[in-house]
Amino acid sequence: WKEAEIKELGRKLAEVAWIPVDGGGRRAIADVFDPEDSPEAFKVVKERRAHLDAAMKELGVRSEVIWRVLRICGIKKDLTWEDAVDEAESIVSATDFERAKKLYAHIDRSHAKLTGKREPALEKLQQLEWVPARAQASDADAKPVAKLAALKDLFPARESKWVWTVADSLDVDIEPTLHELKPGRSIDKESGILVD
């Protein structure tokens, strides 16, 4: 088969939920993560990671051929904006500070290359209480992470008397790129400040 034929097959199979995943059930190619090349830290990735070992053994097919075809057909390697919202909702329901730090860092690092519907996802991410925060203090180490907060509350208009600050994530090895996120700026007035 030629690569163009494989891509056409991928388009035809795109809406059919036929790939078994680690979280149980089956999903379409476009909603499944590559188990060898996708972010490990997120629940949404773990639940939607393709699980084909048993099928490959049963069919007697070489695994490298199957993975090559699935990659050409569009299996995911990274979160989409919609996945980021799903992960944030999962973080809220579990009150998981560690995953919250990792998601914040991942969006900070990868926001320019995330695919999907950015604007609705940003609106939802601004409203959800998924960002680890601590009360403002002169000594950043003085107070531990206190709660998960919504970005709209962390970066309110100047009229507020105090603000929460995003908890630092020194354990995440990245250089911050969202320099626009500063106290005193309003997400309501400047909805695009989350991305460059």
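If you read the sequence from its start, that first residue is 1, and numbering goes on from there.
- Take Lys43 and apply the side chain to side chain contact (heavy atoms under 4.5 Å, CB included) test, not counting sequence neighbours, and it matches Glu47, Glu87, Ser90, Arg99.
- Note: Lys102 NZ to Asp96 CG = 8.5 Å, rounded to the nearest 0.5 Å.
- For Ala100, the side chain to side chain contact (heavy atoms under 4.5 Å, CB included) criterion is met by Ile91, Pro132, Leu148, not counting sequence neighbours.
- For the atom pair CG of Leu125 and CG of Leu103, the computed distance is 7.0 Å after rounding to the nearest 0.5 Å.
- With sequence neighbours excluded, the residues satisfying side-chain hydrogen bond (donor to acceptor under 3.5 Å, both in side chains) with Glu64 are Arg62.
- Rounding to the nearest 0.5 angstrom, the gap separating the CD1 atom in Ile75 from the CG atom in Leu52 is 7.0 Å.
- The salt bridge (charged side-chain N to carboxylate O under 4.0 Å, His left out) contacts involving residues 121-130 comprise Glu89-Lys124, where partners must be two or more places apart or lie in separate chains.
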N/O donor-acceptor pairs under 3.5 Å from side chains in residues 20-33, not counting sequence neighbours:
| unit_1 | atom_1 | unit_2 | atom_2 | d |
| --- | --- | --- | --- | --- |
| Asp22 | OD1 | His51 | ND1 | 3.0 |
| Arg26 | NH1 | Trp18 | O | 3.4 |
| Arg27 | NH1 | Asp31 | OD2 | 2.3 |

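- Taking a 6.0 Å sphere around CD of Glu5, one finds it holds more than 12 heavy atoms contributed by other residues, nucleotides or ligands.
- For the ring-ring contact (aromatic ring centres under 6.0 Å, His included) condition, no pair includes a residue of residues 59-78, sequence neighbours left out.
- Classified by interplanar angle (parallel below 30°, tilted 30° to 60°, perpendicular above 60°), the ring pair His106/Phe42 is perpendicular.
- Residues passing the side chain to side chain contact (heavy atoms under 4.5 Å, CB included) test with Lys12 are Glu8, sequence neighbours excluded.
- Applying the side chain to side chain contact (heavy atoms under 4.5 Å, CB included) test to Glu40 and every residue at least two apart in sequence or in another chain returns Arg49.
- No side-chain donor-acceptor contact under 3.5 Å links Ser110 to the backbone of Lys113.
- Applying the side-chain hydrogen bond (donor to acceptor under 3.5 Å, both in side chains) test to Ser38 and every residue at least two apart in sequence or in another chain returns nothing.
- Leu128 and Val85 get closest at one heavy-atom pair: CD1-O, 4.3 Å.
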Checklist entry - Where do Asp83 and Asp78 land on the side chain to side chain contact (heavy atoms under 4.5 Å, CB included) test, with the steps shown first? => result CA-CA 9 Å; Asp83 295 329; Asp78 200 357; over 6 Å; no

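- Closest approach of Tyr104 to Trp130, counting heavy atoms only: N-CZ3, 3.6 Å.
- Residues passing the salt bridge (charged side-chain N to carboxylate O under 4.0 Å, His left out) test with Asp37, sequence neighbours excluded: Lys77.
- With sequence neighbours excluded, the residues that form a side-chain hydrogen bond (donor to acceptor under 3.5 Å, both in side chains) with Glu36 are Arg71.
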